[in-house]
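Here is the naming used below: chain letters follow the sequence lines, and residue numbers restart at 1 for every chain.
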Number of protein chains: 2
Amino acid sequence: MNESEFLAGYDPRDYPAVAVTVDVVALTIRGGGLRVLLVRRGEQPHAGRWSLPGGFIRPDEDLPQAAARELAEETGLSDRVHIEQLASYGAPGRDPRMRVVSISYLAFAPDLPDPRAGTDASDAAWHPVDKVPELAFDHGRILDHGLERARGKLEYTPLATAFAGDTFTISELRGVYETVWGVPLHAGNFHRKILSVPGFVESTGETTESGGARGGPRAKLYRAGDARLLHPALLRPAREETIR
Amino acid sequence: MNESEFLAGYDPRDYPAVAVTVDVVALTIRGGGLRVLLVRRGEQPHAGRWSLPGGFIRPDEDLPQAAARELAEETGLSDRVHIEQLASYGAPGRDPRMRVVSISYLAFAPDLPDPRAGTDASDAAWHPVDKVPELAFDHGRILDHGLERARGKLEYTPLATAFAGDTFTISELRGVYETVWGVPLHAGNFHRKILSVPGFVESTGETTESGGARGGPRAKLYRAGDARLLHPALLRPAREETIR
DNA sequence: CGAATAGTGTCTATGAGACAGTATCTT
DNA sequence: AAGATACTGTCTCATAGACACTATTCG
C-alpha cells in the first residue's frame with residue numbers, strides 16, 4: 001500500500017478525536033517590568049492553576065482570529081495589539097483528557113488596562129515574567145519559547161514600538177529594550193543608533209510637555225516608522241554562553 | 001458565563017471533527033540548485049496535483065515524529081536530516097473536505113537518493129524551487145514560508161552544514177549559501193569569515209584527494225563545529241526592497 | 001602553458017561601544 | 001544649587017567588502 005492508498009483509506013474520524021486550541025502568550029510592560037497575561041483555571045484538569053489564556057478553535061474561524069478572540073475575551077482589547085504565530089505543541093499526553101494540539105500565538109501590547117471586568121477579575125492578571133508560578137499543561141515551556149522569540153524579534157524588527165504608545169521618546173523605547181532583554185543599555189549610543197536605522201522611528205516634531213520626573217530636558221517625540229525590518233539590526237550584547 | 005464555565009461546557013466532539021496533519025518542506029541541493037520534495041496526489045481533492053509530503057498525525061505520535069515519519073516514507077532516510085517546526089495553517093476551507101489544521105515542518109538534507117523505490121517512483125520527486133508547479137491546497141504558501149525561513153536561518157545558525165556531507169570544503173559551503181540565497185558571494189572574504197566564526201566549522205586535518213574539476217589546489221576539509229548560533233552572523237547582502 | 005581555484009594580505013568604509021561634554025529641566 | 005536626563009562629539013576597535021596577490025592543480 002503506498003502513501004496515496006493509505007491516505008485514501010484513512011478516515012480521521014476512525015481515530016480518537018483531536019482537539020485544536022490556541023494559546024496566547026500576551027506580553028506587556030507594566031510597573032517597570034515585563035508581564036504576561038495569565039488566567040486561573042476553574043476546572044479540572046489543573047483546576048486552580050494559572051495558565052495561558054486560550055481555548056478551542058471554533059468552526060469558520062481562522063487561527064489568528066481565534067487567538068485574537070481569546071485575547072480580547074480577557075483584555076477587552078483587540079486594537080493596538082500586535083499578534084503573530086509562535087509555535088505548535090501536540091505531544092500525546094500533554095492534556096490528560098484527550099489529544100490536544102495547541103497553536104500558540106505571541107501578542108505584544110502597550111500598557112493595557114487590567115483584565116476586563118466582564119470576567120471574574122480574580123481569574124486573570126498580568127504576572128511579572130520572572131515570578132511566574134508553575135503553569136498548567138506545558139504552558140511554562142510555551143511561555144519560555146515566547147519570551148525567547150520576543151527577545152530575538154526586538155533585534156531585527158521594530159516590534160519594540162508595539163510595547164510603546166502611539167508616540168514615545170527614545171528613552172521610553174530604550175526602556176522597552178532594557179526591560180525585555182533584562183540588560184542596561186548605554187543611553188547615548190542607543191539614541192544615536194535608533195535614529196540611524198532607516199524607517200524605525202519618525203519624528204512628530206513635538207516634545208514631551210515637561211522634563212523627566214527626576215529632571216532633564218524635554219524629549220522629542222517619535223512615532224513608529226514604516227520599516228518592517230531593522231537594518232542594521234540592534235544586536236543584544238553578546239551572550240557567549242547561549243551560542244553553543 | 002465566564003471563560004472557565006464556557007470551556008467546561010464546551011465539548012469539542014460537539015463540533016465538526018478537526019483533522020490535524022503535518023506537511024514537510026524538505027529541501028536539498030541537487031544539480032547545482034535548491035530542490036524541494038514533492039509528491040503527486042493520487043486522490044481527490046486536487047488529484048494529480050503536486051503537493052508537499054504529509055499526512056494525518058497518528059495517535060501516540062508526537063508532531064516532530066509524525067513529520068520525520070512522513071519524510072522517511074518518501075525518502076527512506078531519517079538519519080542526517082535536520083528537521084524543525086515551521087508554522088501552522090488552519091484557515092477554514094483550506095481543505096474542501098473538512099476542517100484541517102496543518103503543522104508544517106522544514107527539513108534540510110544533504111544530497112539524498114531519489115525518492116525511495118518502495119513507493120511509486122513517479123509519485124515523488126525533487127523539484128527545483130524556482131520551477132515549482134502550482135501546488136495543492138495552500139502548499140505554495142507553505143513552501144514560500146519555508147524558503148524564506150531557510151534563507152534567514154543560514155544567516156545566524158550553522159544550518160548550511162546540514163546541506164553538506166559529513167566533511168566539506170569551504171568552497172562547498174559557499175556553494176550552499178550561494179544556492180539557497182541565490183546570490184554570488186566573494187570567495188576570499190567568505191573563506192576568511194567562515195574561519196573567523198567560533199565553532200562554525202572545525203578542521204579535519206585532511207584535504208581533498210585532488211584539486212577542483214577545473215583546476216586549483218587541493219582544499220582543506222572541515223566538519224561541522226559545535227556552535228548552535230553564529231556570532232557574528234553571516235548577513236545576506238542588503239536587500240533594501242524587503243525591509244519596508 | 002593557461003585557466004581556475006584555495007587561501008592570505010591589505011585597505012577602506014561602517015558600525016558598536018566607551019567616554020566626555022553641553023544644554024535643559026525637576027526637586 | 002544639585003542632580004538627572006536629552007542629546008551630540010569623538011575616539012577606538014571589530015567587521016564587511018573590495019581588491020590584489022601567491023601557490024597549487026587541472027586540462
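At whole-Å resolution of the value, CG in B:Leu185 and P in D:dA18 are 10 Å apart. Across the protein-nucleic acid pair, A:Asn189 atom CG and D:dT10 atom C1' stand 11 Å apart, rounded to whole Å. Rounded to an integer number of Å, the gap from A:His231 NE2 to C:dG15 C1' is 11 Å. Summarising the geometry, the separation between CD1 on B:Ile194 and P on C:dA6 is reported as 13 Å, rounded to the nearest angstrom. Rounded to a whole Å, the CG atom of A:Leu195 is 8 Å from the P atom of D:dC7. If you measure from atom CG of A:Leu235 to atom P of C:dT14, you get 19 Å, rounded to the nearest angstrom.
Aromatic pair A:Tyr89/A:His145: centroids less than 6.0 angstrom apart.
For the pair B:Leu106 and B:Ala150, the tightest heavy-atom approach, listed with the atom from each and the gap, is CD2-N, 4.1 Å.
Shown here are the salt bridge (charged side-chain N to carboxylate O under 4.0 Å, His left out) partners of A:Arg35, two or more places apart in sequence or in another chain: there are none. The salt bridge (charged side-chain N to carboxylate O under 4.0 Å, His left out) check on B:Asp138 picks up B:Arg94, with sequence neighbours excluded.
The salt bridge (charged side-chain N to carboxylate O under 4.0 Å, His left out) analysis of residues 194-216 of chain A, with sequence neighbours excluded, yields the pairs A:Glu202-A:Arg223.
No hydrogens or angles were tested; on distance alone, a donor-acceptor pair under 3.5 Å links the side chain of B:Arg192 to the base of C:dG9.
Proximity of A:Phe168 to A:Val176: side-chain heavy atoms (C-beta onward) are nowhere separated by under 4.5 Å.
Proximity of residues 200-224 of chain A to DNA chain C (heavy atom under 4.0 angstrom from any strand atom) is restricted to A:Ser210, A:Gly211, A:Gly212, A:Ala213, A:Gly215, A:Gly216, A:Pro217, A:Arg218. Contacts between residues 160-175 of chain B and DNA chain C, counted as heavy-atom distances below 4.0 Å, involve B:Ser171, B:Arg174.
Proximity of A:His191 to the phosphate of D:dA6: no side-chain N or O atom is located under 4.0 Å from OP1 or OP2.
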Name the atoms and distances for all side-chain donor-acceptor pairs under 3.5 Å in residues 177-186 of chain A, with sequence neighbours left out.
unit_1	atom_1	unit_2	atom_2	d
A:Tyr177	OH	A:Leu154	O	2.9
A:Glu178	OE2	A:Leu185	N	2.8
A:Thr179	OG1	A:Gly175	O	2.8
A:Trp181	NE1	A:Arg151	O	2.9
A:His186	ND1	A:Gly188	N	3.2
A:His186	ND1	A:Asn189	N	3.1

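Side-chain polar atoms of A:Ser104 and A:Asp23 form no donor-acceptor pair below 3.5 angstrom.
Proximity of a side-chain donor or acceptor of A:Thr204 to a complementary backbone N or O of A:Leu221 within less than 3.5 Å is detected.
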